[in-house]
Trainee: 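Okay, handing you the structure first.
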Amino acid sequence: MKVPGGRSLGSFLTDEEKANKPPITRALLRRIGSYLMPYWKQVVIMMFALLLEAALSLLPSILTGRIVDEGLIGKNLRVLTILILLSVGVILMANLISLIENYINTWISQHIARDMRNQMYRHMQAMSHRFFATKRHGDLITRMTSDINGVQAVMTNTFVNVLSNTIILMIAMVVMYRMNWILATVAILIVPLFSIPTKRVGKSRWRLTRESQLCNDETNEILNETLSVSGQLLVKLFTNEGKEFQKYKQANERIVKLNIREGLTGKWFRVAMNSFASIGPMLIYMIGGLLMMKYNQKLTVGDVTVMVALLGKMYQPLNVLMNLQVDLIRTMALFTRIFEYLDLPIEVRNSPNAVVPTSISGTLIFENVFFHYTKDRTVLKNINFDLKSGRSIAVVGPSGAGKSSLIQLIPRLYDVVSGRILLDGVDLRQIDLSFLRKNIGMVTQDTYLFNGTIRENLLYANDSASESEIMDACRKANLHDFILSLPDAYNTQVGNRGIKLSGGEKQRLSIARVILKDPPILIFDEATSSLDSISENLIQCAMEPLMHRRTSIVIAHRLSTIMAADEILAIDNGSIVERGAHDELVRHDGIYKKLYKTQFRPPFKGT
Ligand code: ATP
């Protein structure tokens, strides 16, 4: 492993990495500052506390001159005692103020982190279905957790460090110049030496920080994918444990290497700093001594001691301030990552003139609808059909024809690319988004249940539903008897994503959830082949009352469902190719007849 150090350090940065360094612009700083604005009162109090703390912390060093000259050399015990007591009092006071300042500081940074987390969560909720379908989940979690925590940690330290150390430096410098300008200048000349290692370390640290963030994203992603219910199942069934472990091990190994390198970069920097810090006082003693003995009779031992003490006080802030450049770059990188997500445009948004209809009958019209996920491939082409309120339509077609894409357009999980969809004569994009979604019930093949009890999952649809409404919905969904047969009945835990329930039970639970929601429009994506005939029959019986008097669109795979619908829509390759009733369509030698012969299974005949 290469240890960063010496002259080769700069060569660690490639041109691409240099280009990736976040530009610290005024706009970026203003944006970061905007998070402080709500807490300006606390910031003012903290700054006042900092000023006081800085002044008080320097006072004992300034008093050292009088302690040496008047107390020790002057052999005046009374003055010595008073000055010592005064110094101790000042130190205690400075520490007390530092405690208060620490509290305010933590309070501010915690509140800023809270605001950022809330803002990010809100923004993520507004992101489209496309975002979640394409973005890596681990990356999202890292940005929401460790990036914001990182920002918060640096805000706590960095912000205060900049302020307090600048104040300390300025006061120390003024006092030094007032005492002896030659010695003060010598002290200041040593300062530029600090910037040499800082610059190099800053660059190297920035690259390591970025690399370690990427590595963290990667490990989070592996954990997320392979330790989730379905991921773990896939790994087990394909016996890929070894391969996955190797992947995890390698990522883990990289993190270790990066962290060690980052740690060493800091260490090397500190060693250089400490060396400069030790040489400085020697120079002051030497030059101070020379001045005192040869040129300036008025300069006292106390004065030189104060100079050395103040110089000592300056190194710490300087050290911190120089390190700050490194921390600032790191913070900027974190902020840039967070802002990158916050700036992602909201694809499906509520129109500013959105209407909230007073009532809804549920007539749907598709007018010249085109849709694609990516520009290079049109998924739906010129879709035109209408569905009258309370009627049902069965959508059929071969796999990949565009059936799921079509139904996803209705609750605006995606927006049409061109054309429009009207609900009761109003373009969906003009209807208040939450009103629209409240009026649509969707049962998908991939039923999502939260890890909680059956009751909690049902209440997710309508948290004010009474016990009898819940039971009634479950009776209608053919689920009540099954639930009662469980030892904990409605309090049964369903496990992660509902793993403890069968596919059919999960789908019936999701039907019951929609019954509780009671929407006028129903979208149902029928399970293809994962269910046995008994489960299918149970679902079929559950669906009938659900579809009753609701505008329904069903992606149908079974003849019974198709026959129950008022009309059939056959889709192939993104276009509607046939439309009509079953008898009518089987007479044509088209896609429906082909599907009928090969795929649609007759309804379950058993008892
Ligand atoms: P199935 O019956 O197998 O579920 P489907 O008729 O419902 O198929 P869709 O899921 O609508 O078909 O898919 C239509 C086309 O769009 C397919 O070619 C598919 O690969 C593509 N597609 C689906 N979802 C996405 C997505 N999120 N991003 C890009 N392409 C997608």
Side-chain angles (χ1 to χ4, degrees), residues 124 126-137 139-140 221 224-225 230 344-348 364 366 368-385 387 392-419 421 428 440-448 503-504 506-507 510 522-531 536 539 543 552-562 565 567-579 585 590-601:
M124 289 301 112
M127 293 317 288
S128 68
H129 194 53
R130 186 194 307 275
F131 171 82
F132 296 101
T134 49
K135 274 283 171 201
R136 291 164 75 95
H137 194 224
D139 187 38
L140 176 67
E221 189 63 30
N224 228 321
E225 287 193 340
S230 11
L344 287 173
I346 297 173
E347 199 184 319
V348 176
L364 275 171
F366 275 63
N368 309 324
V369 168
F370 282 80
F371 174 71
H372 61 229
Y373 293 100
T374 48
K375 281 201 178 84
D376 53 346
R377 191 152 160 257
T378 307
V379 171
L380 293 174
K381 299 163 201 155
N382 201 22
I383 301 286
N384 284 288
F385 72 89
L387 178 58
S392 57
I393 210 164
V395 182
V396 300
S399 179
K403 306 181 292 292
S404 304
S405 309
L406 179 95
I407 59 162
Q408 286 184 351
L409 298 179
I410 304 170
R412 287 187 71 200
L413 294 182
Y414 293 94
D415 268 339
V416 298
V417 171
S418 70
I421 303 170
L428 291 186
I440 297 172
M442 203 157 171
V443 180
T444 52
Q445 278 193 34
D446 181 24
T447 308
Y448 193 90
K506 266 196 286 190
Q507 203 158 45
S510 114
L522 173 73
I523 297 169
F524 195 96
D525 191 354
E526 197 172 60
T528 42
S529 53
S530 62
L531 303 175
E536 271 184 20
I539 288 176
M543 265 179 73
S552 320
I553 298 194
V554 183
I555 298 182
H557 297 286
R558 285 169 300 139
L559 199 57
S560 56
T561 325
I562 297 168
E567 210 177 358
I568 299 159
L569 211 61
I571 297 189
D572 190 20
N573 201 17
S575 303
I576 298 179
V577 284
E578 285 171 35
R579 181 182 177 177
L585 295 185
I591 187 124
Y592 183 76
K593 191 170 176 183
K594 212 157 96 192
L595 288 168
Y596 173 63
K597 280 189 172 163
T598 55
Q599 285 186 20
F600 302 148
R601 283 173 291 143

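Nothing here was measured: the structure is a model prediction, and the numbers come from that model. First listed ligand is number 1; within each ligand, the first listed atom is number 1.
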Trainee: Hey, is R377 one of the residues with a heavy atom under 4.0 angstrom from ligand 1?
Mentor: yes
Trainee: Examine the proximity of ligand 1 to R130 and report which part, side chain or backbone, both or neither, has a heavy atom under 4.0 Å away.
Mentor: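 Contact part for R130 vs ligand 1: neither.
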Trainee: Numbering the atoms of ligand 1 from 1, which are under 4.0 Å from a heavy atom of S405?
Mentor: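 Near S405, meaning under 4.0 Å from one of its heavy atoms, ligand 1 has 9 (P), 11 (O), 13 (O), 14 (C).
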Trainee: Determine, stepwise, if the pair S405 / Y373 fulfils side-chain hydrogen bond (donor to acceptor under 3.5 Å, both in side chains).
Mentor: CA-CA 9 Å; S405 309; Y373 293 100; 2.9 Å; yes
Trainee: Can you list everything that forms a side chain to side chain donor-acceptor pair (under 3.5 Å) with T378? Sequence neighbours excluded, please.
Mentor: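 Expected list: none.
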Trainee: Starting at CG of D525, measure out to OG1 of T444 and round the result to the nearest 0.5 Å.
Mentor: 7.0 Å
Trainee: Taking only heavy atoms of S404 into account, list the atoms of ligand 1 that are under 4.0 Å away from them.
Mentor: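 In order of number, 4 (O), 5 (P), 7 (O), 10 (O), 11 (O).
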Trainee: Counting only heavy atoms, tell me which of Y414, F132, Y373 gets closest to atom 23 (C) of ligand 1.
Mentor: Y373
Trainee: Could you list which atoms of ligand 1 come closer than 4.0 Å to a heavy atom of G402?
Mentor: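 Checking each atom against G402, I get 5 (P), 6 (O), 9 (P), 11 (O), 12 (O), 14 (C).
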Trainee: At what distance, to the nearest 0.5 angstrom, does CZ of F366 lie from CD1 of I576?
Mentor: 8.5 Å
Trainee: To the nearest 0.5 Å, what is the distance between CG (L140) and CZ (F132)?
Mentor: 6.5 Å
Trainee: Quick one: which ligand 1 atoms are inside 4.0 Å of a heavy atom on V379?
Mentor: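 With V379 as reference, the close atoms of ligand 1 come out as 14 (C), 15 (C), 16 (O).
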Trainee: Calculate, to the nearest 0.5 Å, the distance between atoms CZ and OG1 belonging to R130 and T374 respectively.
Mentor: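 Taking CZ in R130 and OG1 in T374, the distance rounds to 8.0 Å.
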